[in-house]
Peer 1: 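Following this message is one structure expressed as structure tokens.
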Amino acid sequence: MGLLKTEQEVGIAACVIARDVQAFDLLIEDMEAELGPRWGGLDFQDGIAYLSSPEARDLEFVTVAVDRTDEENLEPVIELIRTAVAANIKVILVASDLSPMALHQLLRLGAADFAPYPLPEGALHEAIERIRTPSAAPAAVSTGGGANENREGVILPIYGLAGGVGATTFAVNLAWELAQLGDTEGFRTCILDLDLQMGSVSTYLDLPRREAIFELLSDIPNMDRDAFTSALQSFNDRLDVLTAPAESLPYEILTSDDVNPLLDMARSMYDFVIVDVPKTLIQWSETLINRADVYFALIEMDMRSAQNALRFIRTLKAEDLPIEKVKYVLNHAPRFTDLSGRSRVKRLAENLDIDLEILLPDGGKAVTDSCDQGLPLAETAAKNPLRKEMAKLAKSIFDLSVEQVAAKGGV
Ligand SMILES: Nc1ncnc2c1ncn2[C@@H]1O[C@H](COP(=O)(O)OP(=O)(O)O)[C@@H](O)[C@H]1O
Ligand SMILES: [Mg+2]
């Protein structure tokens, strides 16, 4: 690729900078589609020189493409991104098969956006759109008054022990019930979707995934209240939501050193911090259990859940994690009238040697419909049996918190 091939004719709006630009042919195609001839390709050395020069001032952004081979020597990439950031030029990082460590390191330098390579359909377009839309004002998260007081919220992670057991449905509905209960008493609730790859809180609450989320998660060490708040969005004025980022990020983008301050920030501003936990066990899974007040683990009445639960319990014991914080929730539990079902529940609890106190009924198609509509059950099917149980559970958590605050001399 010629160096800034058409600079003289049209003015260059963007560059692709890579060790070997030709190796990223899908990116080249996408850049052509987005910018026509108004972009050029450079290697790292030329890129650093160009970005340091006054001609680069008018660049809208640079796309920095890296792959595994670059990991052997990340220095030029790091210098390049630093140069771009210093020159106020936005960086879209495109990474092919990079180790989480390297990705983490590069994102930290201040890339404005990220896309995996091969590029998913539309990913570059969306990244460019996000860069072009100046960080919109947060969708009315109230930062005034209550949110700035120093609170000491409870942390309630929700973990599904198998795919599709209903963890996110539980998290979203618990959060909404708590948000409503707390509203009159001045209690505040937020939900953090830390399922960075599969996160569906945004779908279940019909909220967009904002660019500021990526900015927040990739630079937690520099997070302040403003950065945190501007990544949140409000659902119906009562529940503040950190959705998963727009592009699915590797879980390792966060470390325990990030998750701790993130939770600290959330609980200093909210009384109830609901966390949707990734299914995969990762480095910071431990952090979430250690920091939890109650750690909800959802299962179903099937072999998959039972076996995963056994493994989970074994891990907790082996790692000496606070097993007593885990409250098991059986979703799609048999009805009271289903006696054989009930005795199966009892057997399951005995076999796993756990208490199964929280039994949630199947709410039928209304539950999936409400997820699809992007509304909590309270708003679409208030009389649904699942909703009734969620409301009861939220009430008991809420009452406990009120008692605790009262005991500490608050409220
Ligand atoms: N108690 C329930 N009754 C009926 N449908 C449910 C119930 N719990 C969850 N679902 C449905 O199951 C599907 C998967 O739920 P989800 O919360 O996304 O699971 P997970 O987050 O554990 O992967 C969704 O369509 C949801 O509406
Ligand atoms: Mg989920």
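Only a predicted model underlies this, so the values are computations on that prediction, with no experimental measurement involved. Ligands are counted one by one from 1 in listed order, and the atoms in each one are counted from 1 as well. Atom set for the values below is all heavy atoms of this structure, side chains included, hydrogens, waters and symmetry mates excluded.
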Peer 1: Which pairs, with at least one residue in residues 191-204 and sequence neighbours excluded, count as a side-chain hydrogen bond (donor to acceptor under 3.5 Å, both in side chains)?
Peer 2: D195-Y251, S202-R209
Peer 1: Is D258 salt-bridged to R108, cutoff N-O under 4.0 Å?
Peer 2: yes
Peer 1: May I ask you to check whether Y328 and F296 place their ring centers less than 6.0 Å from one another?
Peer 2: no
Peer 1: Compute both the distance and the angle, then confirm whether R342 meets the cation-pi test with F336: under 6.0 Å from the six-membered ring centre, within 45 degrees of the axis.
Peer 2: yes
Peer 1: Decide, yes or no, whether a salt bridge links E350 with R347 under the criterion of side-chain N to carboxylate O below 4.0 Å.
Peer 2: no
Peer 1: Flag T168 as yes if one of its N/O/S atoms falls below 2.8 Å of the Mg ion (ligand 2), otherwise no.
Peer 2: yes
Peer 1: At a 4.0 angstrom heavy-atom cut-off, what protein residues surround ligand 1?
Peer 2: G164, V165, G166, A167, T168, T169, Y204, K279, N331, H332, P361, D362, G363, G364, V367, T368, C371, L386
Peer 1: Do F398 and F187 have their ring centres less than 6.0 Å from each other?
Peer 2: yes
